[in-house]
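Small disclaimer: the values here were computed from a predicted structure and weren't measured. Numbering of residues begins at 1 and proceeds along the displayed sequence.
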Amino acid sequence: MKKIEAIIKPFKLDDVKEALQEVGLQGITVTEAKGFGRQKGHTELYRGAEYVVDFLPKVKLELVVDDAMLEKAIEAIQQAAHTGRIGDGKIFVMSVENAIRVRTGETGSDAI
């Protein structure tokens with residue numbers, strides 16, 4: 001099993017969710033986040049004063065998938081989150097040793 005963490009632009013969340021559902025995945029965790037990468041924020045003008053916005057709004061998605069679904073999930077996220085502009089995000093993949101469904105006690109792939 002693999003855990004996928006994806007940091008994307010907030011307005012792309014619905015597109016990514018639909019793309020994941022189309023490939024047969026369900027069950028994602030979404031967290032509002034703030035951060036910056038290479039773009040390092042931007043400058044804004046408010047009431048005549050200029051200030052720097054260091055942390056940009058982002059959305060962090062987390063999902064655990066069976067190894068067989070990993071490539072489909074990554075491709076779905078990548079295509080749905082892509083705008084071609086700086087700040088599109090990142091996808092991280094980590095190994096998961098075990099998963100346990102609290103309600104039934106199922107473990108491993110059965111739990112996801």
Side-chain angles (χ1 to χ4, degrees):
M1 294 178 295
K2 301 290 185 203
K3 178 180 181 181
I4 300 171
E5 286 187 9
I7 311 296
I8 62 170
K9 292 183 175 185
F11 69 90
K12 284 298 204 170
L13 177 59
D14 286 336
D15 294 342
V16 171
K17 184 184 86 166
E18 288 172 17
L20 288 170
Q21 287 175 337
E22 284 177 18
V23 296
L25 291 171
Q26 52 189 342
I28 62 172
T29 301
V30 178
T31 309
E32 289 184 21
K34 291 184 180 221
F36 66 89
R38 290 183 182 164
Q39 77 247 48
K40 296 183 178 69
H42 63 276
T43 313
E44 287 190 5
L45 199 61
Y46 180 71
R47 293 190 177 181
E50 194 173 272
Y51 66 99
V52 177
V53 178
D54 288 338
F55 296 103
L56 301 172
K58 301 288 181 182
V59 172
K60 178 181 176 182
L61 305 174
E62 297 174 87
L63 60 151
V64 176
V65 300
D66 202 40
D67 290 336
M69 291 297 291
L70 179 64
E71 290 306 316
K72 284 183 181 178
I74 290 171
E75 189 176 319
I77 295 168
Q78 199 169 5
Q79 289 179 356
H82 179 78
T83 67
R85 298 203 311 262
I86 194 163
D88 272 356
K90 296 265 193 301
I91 300 172
F92 303 100
V93 179
M94 294 152 271
S95 293
V96 174
E97 289 186 31
N98 200 4
I100 301 158
R101 187 184 308 261
V102 175
R103 180 176 55 87
T104 63
E106 294 171 293
T107 61
S109 294
D110 295 335
I112 57 173

Review item, side-chain donor-acceptor pairs of residues 72-79, under 3.5 Å, at least two apart:
none

| message | Run the side-chain contact (heavy atoms from CB on, under 4.5 Å) test on Leu70 and Ile4 for me, step by step, so that the C-alpha distance in whole Å, both residues' side-chain angles and the decisive distance to 0.1 Å come before the verdict. | response | CA-CA 8 Å; Leu70 179 64; Ile4 300 171; 3.8 Å; yes
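- With sequence neighbours excluded, the residues forming a salt bridge (charged side-chain N to carboxylate O under 4.0 Å, His left out) with Glu106 are Arg101, listed by chain and number.
- When the side chains of ILVMFWY residues are joined at heavy-atom separations under 4.5 Å, either directly or via intervening members, Met69 and Leu63 end up in a single hydrophobic cluster.
- Using modelled atom types, no side-chain atom of Asp88 and backbone atom of His82 make a donor-acceptor pair closer than 3.5 Å.
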For residues 89-100, run the donor-acceptor check on the side chains, cut-off 3.5 Å, and write out each pair with its distance to 0.1 Å, sequence neighbours left out.
| unit_1 | atom_1 | unit_2 | atom_2 | d |
| --- | --- | --- | --- | --- |
| Ser95 | OG | Lys2 | NZ | 3.2 |
| Asn98 | OD1 | Gly108 | N | 3.2 |

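- Between the side chain of Asp67 and the backbone N or O of Met1, at least one donor-acceptor pair lies under 3.5 Å.
- Chaining together hydrophobic side chains whose heavy atoms lie under 4.5 Å apart leaves Val102 on its own.
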Report all side-chain donor-acceptor pairs from residues 7-17 shorter than 3.5 Å, counting only partners two or more places apart or in another chain.
| unit_1 | atom_1 | unit_2 | atom_2 | d |
| --- | --- | --- | --- | --- |
| Lys9 | NZ | Ile86 | O | 3.4 |
| Lys12 | NZ | Ala80 | O | 3.3 |

Expected list for residues 19-36: side-chain donor-acceptor pairs under 3.5 angstrom, two or more places apart:
none

